Amino acid sequence: MKHSTNPQTRRGGGPALRIGRTLAFVLPVVLVLSGTLAVARVNWSGTPSSPVLTAADASVPGASPRAAARAPQDVLRDTLLVELQEENPGAALTHLQQAVDERPSLAKHCASIARALGKAAVRMYGPARAQSYARPVCDTSFASGVVTARR
């Protein structure tokens, strides 16, 4: 049996080695680019981009000075209740999820806001139609509000 000492026959390495080398080159480039894009997407200015968050941060026009001191979650809840009446519970739930995603400090209030939306939806649409808008926002608290409003 004769062993090859020709370096060219040993250098190729087959398709697995070529794929490995390609990944070793491409993967770090992809990771750096995706990290750069993620950092560029963050709103670093501190001013919210969502109209729901703007309403939660700002005082209500024409309101008393006492109303300006309200907590952001209270303003957000009231804004979403108005939206529920003017549009539908689905739109209010979407904006609640966006507000919590964009401002994580509101997450601890998400369940109570969703329950309030569920109760209001039952008063406005009835239990069956209100339940049709339920979705897993804040651990299904909207559905919980619908159920407790039925009783």
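Position 1 is the first residue of the sequence; numbering continues from there. As the structure is a prediction and not an experimental result, all values here were calculated from the model.
Evaluation of the side-chain hydrogen bond (donor to acceptor under 3.5 Å, both in side chains) rule for N88 yields no partner, not counting sequence neighbours. Every residue two or more places apart in sequence or in another chain that forms a side-chain contact (heavy atoms from CB on, under 4.5 Å) with E87 is listed here: E83, A91. Residues meeting the salt bridge (Lys or Arg N to Asp or Glu O under 4.0 Å) test with D101, sequence neighbours left out: none.
Residues L81 and A120 share a closest heavy-atom pair of CD2-CB, 3.6 Å. When all heavy atoms of Y133 and G90 are compared, the closest pair comes out as CD2-N, 3.5 Å. The minimum heavy-atom distance linking A130 with Y125 is given by the pair N-CB, 4.2 Å. Heavy-atom minimum distance, V75 versus R70: CA-NH2, 3.2 Å.
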Show which side-chain atoms of residues 107-115 pair as donor or acceptor with protein atoms under 3.5 Å away, not counting sequence neighbours.
from	atom 1	to	atom 2	distance (Å)
S112	OG	H109	O	3.0

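To the nearest 0.5 Å, atom CG of residue L76 and atom CG of residue L96 are 6.0 Å apart. One distance of note links CD of Q97 with CD of E102; it measures 10.5 Å at 0.5 Å rounding.
V82 and M124 fall into different hydrophobic clusters, where Ile, Leu, Val, Met, Phe, Trp and Tyr are joined by side-chain heavy atoms under 4.5 Å apart, directly or via other members.
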